[in-house]
Amino acid sequence: MDPNRPPTNFESRVFEATCLIPKGKVSTYGELAVFLGCQSAQAIGQALKRNPFAPEVPCHRVVKTDLRLGGFHGGTEGPYLAKKRNLLVEEGVSFGDDGRVNPEHCHRFC
DNA sequence: AGATTGACTAACC
DNA sequence: AGGTTAGCCAATC
């Protein structure tokens, strides 16, 4: 695989939509999928997991629909999510006891 | 060109 | 309530 490949059209759209999420808020893979006009949140995850613009695109503001953290930096456990959670807290997002984002932080594309 | 994969989701058992 | 199946779609093998 080539990590320095140019972003595809689809990926560019995903990144653009991700940048639209205001600081201190989060969105879901599903919301992005709908916003981009496709029905596969998995495709969104694919684009973000290969995110060539790691901290430049706020991919940490994208979580699963159940408000659990999905993944980060290509991983779905341990330090990956710890880092993601920390970034969100720094932006003002709070978490529940179960490690979920508080629903008040959900952002909706209009 | 075809098969597999995956930072997902919803439905089913 | 928790594990499995099925549907989804772009990238990668």
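Below, each value reflects all heavy atoms present in this structure, side chains not excepted, and no hydrogens, waters or symmetry copies. Order of the sequence lines sets the chain letters (A, B, ...), proteins ahead of strands, with each chain counted from 1.
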Measure the distance from [atom1] on [X] to [atom2] on [N] and round it to the nearest whole Å.
{"X": "A/Asp66", "N": "C/dA1", "atom1": "CG", "atom2": "P", "value": "15 Å"}
{"X": "A/Gln39", "N": "C/dA10", "atom1": "CD", "atom2": "P", "value": "11 Å"}
{"X": "A/Ile44", "N": "C/dA10", "atom1": "CD1", "atom2": "P", "value": "9 Å"}

Over all strands shown, is A/Gln46 touching base, sugar-phosphate only, or nothing at heavy-atom distances under 4.0 angstrom?
base

Under 4.0 Å between any heavy atoms, over every strand shown, what does A/Tyr29 touch: base, sugar-phosphate, or nothing? Just pick one.
base

Please verify the inter-ring angle class for A/Phe72 with A/His60; under 30° counts as parallel, over 60° as perpendicular, anything in between as tilted.
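The arrangement is perpendicular - the two ring planes meet at more than 60°.
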
For the atom pair [atom1] ([X]) and [atom2] ([Y]), what is the distance rounded to the nearest 0.5 Å?
{"X": "A/Leu48", "Y": "A/His73", "atom1": "CG", "atom2": "NE2", "result": "12.0 Å"}
{"X": "A/Glu11", "Y": "A/Gln46", "atom1": "CD", "atom2": "CD", "result": "9.5 Å"}
{"X": "A/Glu91", "Y": "A/Asn86", "atom1": "CD", "atom2": "CG", "result": "10.5 Å"}
{"X": "A/Cys106", "Y": "A/Leu67", "atom1": "SG", "atom2": "CG", "result": "4.5 Å"}
{"X": "A/Thr76", "Y": "A/Leu69", "atom1": "OG1", "atom2": "CG", "result": "11.0 Å"}

Tell me which of A/Ala43 and A/Thr28 sits closer to the 5' end of DNA chain B, going by the nucleotide each one is nearest to.
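Result of the comparison: A/Ala43.
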
Range on DNA chain B touched by chain A - first to last nucleotide, heavy-atom distance under 4.0 Å:
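Contact span on the strand: B/dT5 to B/dA10.
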
